[in-house]
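One structure is given here, and the rest of the page talks about it.
Positions are given from 1 along the sequence.
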Amino acid sequence: MLGMRKSLLCPYRMALNRLERLLAWALRGFMGMLFTIFKMIAAVREPERSARLPPITNPLLKVPAMRLARMIRRREVTSVEVVQAYIDRIQEVNPLINAMVKDRFSAALQEAVQVDKLIEEETGGEDVLEDRLPLLGVPITVKESFCLQGMPNSTGLISRKGLISTNDAPSVALLKRAGGIPLGVTNCSELCMWLESHNNIYGITCNPYDFGRIAGGSSGGEGSILGAGASVIGVGSDIGGSIRMPCFFNGIFGHKPTPGIVSNEGQHPPPSGQQPGFISTGPMCRYAEDLLPMLKIMAGPNAERLPLSSEVDLKRLKFFSIPHDNGSALVSPVDSQLLQAQRRVVEKLEADLGVEVQELRLPQLKHSFQIWGMMMSSPDKDGKPPTTFAELMADNGNKVWPLWELFKWVFRCSSHTLAAIGLAVAEMLQSNKPSPFILQQKESLQKEIEELLGTNGVLLYPSHPHLAPKHHHPLFTPFNFSYTAIFNILGLPVSQCPVGLSFEGLPLGVQVVAGKMQDHLCLATAQFLEKAFGGWREPGSSEASKTT
Ligand SMILES: *[C@@H]1O[C@H](CO)[C@@H](O)[C@H](O)[C@H]1NC(C)=O
Ligand SMILES: *[C@@H]1O[C@H](CO)[C@@H](O)[C@H](O)[C@H]1NC(C)=O
Ligand SMILES: *[C@@H]1O[C@H](CO)[C@@H](O)[C@H](O)[C@H]1NC(C)=O
Ligand SMILES: CC(=O)N[C@H]1CO[C@H](CO)[C@@H](O)[C@@H]1O
């Protein structure tokens, strides 16, 4: 009986597969054609941006956050000096990269004065301060979509322009309670749903390694300001790669924690449907050693649910490497420089740790984008569907008409970006019927990866198929983010790690994935890779032009 059903289903499935391939091929062809036309217009309209980021002159800007905190506690430097150094750097670079969209410099300086006074008066010694206020006096930056008291929280939506947060998101509040001093908020994509940080309130954010390229999204302002050496630690959130993609494009470290560990409250838009299980708020850092203490602080009491203080012996871990998704029809093949970078990582792990890295191919990964798309629009336990993107765009209980917005956009009358309108159009065309085939792919992928990783496995996977693209290019290759998105659905912790620069001087990177609640394995591997490959490189410096 089963065999018969299988043989009936099989030809049908194969025909569907062929149809899907044909459609994907046609879609790619069509997008490619549009892209060529777009590039011709863009080449005429946009001058080449050739300016470079000024070099970092203040050595304080090259000290990891937790070390800065220690120096401040030991009175080797004042908090005022550190905060002022970062303010100077932001003022120097922000006109070039448009990463910070609202600052609170004078409030930050006042807070730094208070910190220095507190340290002056503290008699309990350094340990007491370290315990209670591990980040005391250290400047931080925050993605604009999070509530930070006194700062806007528009998430790039014109209709939310002028909203000022009256309180702090819990993750931000925890960092402030640990002594962190927010300098301001940074740009993101409209409604945090695109891989380029561009919106009609704050404009477009540039990549510090090449101003003509994207900083990524949605936490792209964070990525850019950190990559530029104008912040040392920041707060981002990730439902499809919004921490990991900007960290990859801007050459820094970022961690998407196991979901449910860091609070996602106090950011816009709030996740709905099954999305609360896929989104993670987490740290973005220039130095790998700051990831773990940041995560510990941001998790609050939940930090105890993770074995964060257990010693990790990398030599005893099982390592796996998946070089690519084995040719998804919609996603571009992985860039050869990224394939090579991942191979170098494998070789380094084997040489230094004496481990054997097992290379894998998981055929289900081919369907990553479809799996993400289906799960993101799935209803919650009570059958309530998630808020649609068109509803989020209207932000008033109604929804926008995507085709009408598109029409208005052509005449420059829409308040939305083309990316957001495109997403709403795509949502309109998408069928709401969940596909049993895709669901089954997801289930089997979940089972296989969880069994492989267990509590002592680490998986390497590309952070993205391509190096930082030019501005607006993602509009024509919108599916490349499936490399990060699949791990949101699987609910696994992932660190993105920079591993040197490409021939063009753009950051290379790799994702380090571990089993649920095994975040400490990702973070330990990130520290190893930082030592082995040099971690973050200053953009525009001679250090940066050295490729690995
Ligand atoms: C944004 O700011 C408004 C106040 O202007 C507040 O009501 C709202 O809760 C804030 N945060 C979010 C995530 O919407
Ligand atoms: C990967 O793709 C190749 C060529 O398309 C195919 O022969 C191979 O079986 C695939 N591997 C897996 C594990 O899906
Ligand atoms: C996707 O990858 C292809 C090539 O691999 C590249 O041409 C394109 O720019 C990439 N798009 C994005 C948004 O990264
Ligand atoms: C390039 C650009 O549009 N920059 C804008 C970023 O946002 C600030 C605050 O709204 C504006 O003043 C800038 O003009």
Criterion side chain to side chain contact (heavy atoms under 4.5 Å, CB included) on Leu459 and Ile322, from CA distance to verdict:
CA-CA 7 Å; Leu459 166 70; Ile322 303 185; 3.5 Å; yes
Apply side chain to side chain contact (heavy atoms under 4.5 Å, CB included) to the pair Met284 and Phe253, showing each step before the final yes or no.
CA-CA 6 Å; Met284 297 171 69; Phe253 293 87; over 6 Å; no
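- Under 4.0 Å is where a charged nitrogen must lie from a carboxylate oxygen, and between Arg361 and Glu359 at least one such pair does.
- Between Trp194 and Leu423, some side-chain heavy-atom pair lies under the 4.5 Å cut-off.
- Proximity of Leu365 to Ile486: side-chain heavy atoms (C-beta onward) are separated by under 4.5 Å at one or more points.
- No side-chain donor-acceptor contact under 3.5 Å links Glu289 and Gln527.
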List the atom pairs, donor and acceptor, that lie under 3.5 Å between side-chain atoms in residues 493-501 and the rest of the protein, sequence neighbours left out.
residue: Ser495; atom: OG; partner: His255; partner atom: ND1; Å: 2.8
residue: Gln496; atom: OE1; partner: Ser463; partner atom: OG; Å: 2.7
residue: Gln496; atom: NE2; partner: Ile252; partner atom: O; Å: 3.2

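- Side chain to side chain, Glu222 and Thr141 meet the donor-acceptor criterion of an N or O pair below 3.5 Å.
- A donor-acceptor pair shorter than 3.5 Å can be found between the side chains of Arg244 and Asn488.
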Is there a ring-ring contact (aromatic ring centres under 6.0 Å, His included) between Phe487 and Tyr461 once you walk through the steps?
CA-CA 10 Å; Phe487 298 110; Tyr461 194 55; 5.6 Å; yes
Determine, step by step, whether Phe528 and Leu349 satisfy the side chain to side chain contact (heavy atoms under 4.5 Å, CB included) criterion, reporting the C-alpha distance in whole Å, the side-chain angles of both residues, the deciding distance to 0.1 Å, and the verdict.
CA-CA 9 Å; Phe528 171 85; Leu349 286 167; 3.5 Å; yes
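- No side-chain donor from either of Ser171 and Thr281 sits under 3.5 Å from a side-chain acceptor of the other.
- In the model, Ser321 has a side-chain atom that pairs as donor or acceptor with a side-chain atom of Gln342 under 3.5 Å.
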For Phe249 and His464, run ring-ring contact (aromatic ring centres under 6.0 Å, His included): C-alpha distance rounded to whole Å, both residues' side-chain angles, the deciding distance at 0.1 Å, then the answer.
CA-CA 9 Å; Phe249 294 138; His464 199 74; 5.1 Å; yes
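- Salt bridge annotation for Glu538-Lys62: present, with a cationic side-chain nitrogen under 4.0 angstrom from a carboxylate oxygen.
- Between Gln440 and Gln364, the side chains place no donor N or O within less than 3.5 Å of an acceptor N or O (distance only, hydrogens not considered).
- Looking only at atom types and distance, the side chain of Ser197 has no donor-acceptor partner in the side chain of Asn187 under 3.5 Å away.
- Rounding to the nearest 0.5 angstrom, the gap separating the OG atom in Ser378 from the CD1 atom in Ile489 is 8.0 Å.
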Quick one, Ile371 with Leu490, criterion side chain to side chain contact (heavy atoms under 4.5 Å, CB included). Give me CA distance, side-chain angles, the key distance, then yes/no.
CA-CA 10 Å; Ile371 293 173; Leu490 299 176; over 6 Å; no
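- Using modelled atom types, one finds no donor on one side chain facing an acceptor on the other under 3.5 Å when comparing Thr155 with Ser145.
- Ring pair Phe437/His367: centre-to-centre distance below 6.0 Å.
- Counting non-hydrogen atoms of other residues, nucleotides and ligands closer than 6.0 Å to CD of Glu265 gives a total of 12 or fewer.
- The heavy-atom pair separating Gly240 from Met245 by the smallest distance is O-CE, 4.2 Å.
- Listed by chain and residue number, Glu450 satisfy the side-chain hydrogen bond (donor to acceptor under 3.5 Å, both in side chains) test with Lys516 (two or more places apart in sequence, or in another chain).
- Closest approach of Leu467 to Leu508, counting heavy atoms only: CD2-CD2, 3.6 Å.
- Under the ring-ring contact (aromatic ring centres under 6.0 Å, His included) criterion, Phe369 pairs with Phe479, Phe481, sequence neighbours left out.
- Phe146 and Asn153 make their closest contact through O-CB, 4.2 Å (heavy atoms, listed as atom of the first residue, atom of the second, distance).
- For Lys384 and Asp380, the salt-bridge test fails: no basic side-chain N is under 4.0 Å from an acidic carboxylate O.
- In this structure Leu133 satisfies the side-chain contact (heavy atoms from CB on, under 4.5 Å) test together with Leu118, Leu129, Leu136, sequence neighbours excluded.
- Remark: Ala299 pairs with Ile261, Val262, Asn302, Ala303 by the side-chain contact (heavy atoms from CB on, under 4.5 Å) rule, at least two apart or across chains.
- The aromatic ring centres of His472 and His198 sit less than 6.0 Å apart.
- Side chains of Asp325 and Tyr483: a donor-acceptor N/O pair is present below 3.5 angstrom, by distance only.
- Side-chain contact annotation: Thr186 with Lys143, donor-acceptor N/O pair under 3.5 Å absent.
- For Lys318, the NZ atom counts as densely surrounded, since its 6.0 Å shell holds more than 12 non-hydrogen atoms of other residues, nucleotides or ligands.
- Applying the side-chain contact (heavy atoms from CB on, under 4.5 Å) rule to Ser280 yields the partners Lys256, Pro257, Pro259; only residues at least two apart in sequence or on another chain are considered.
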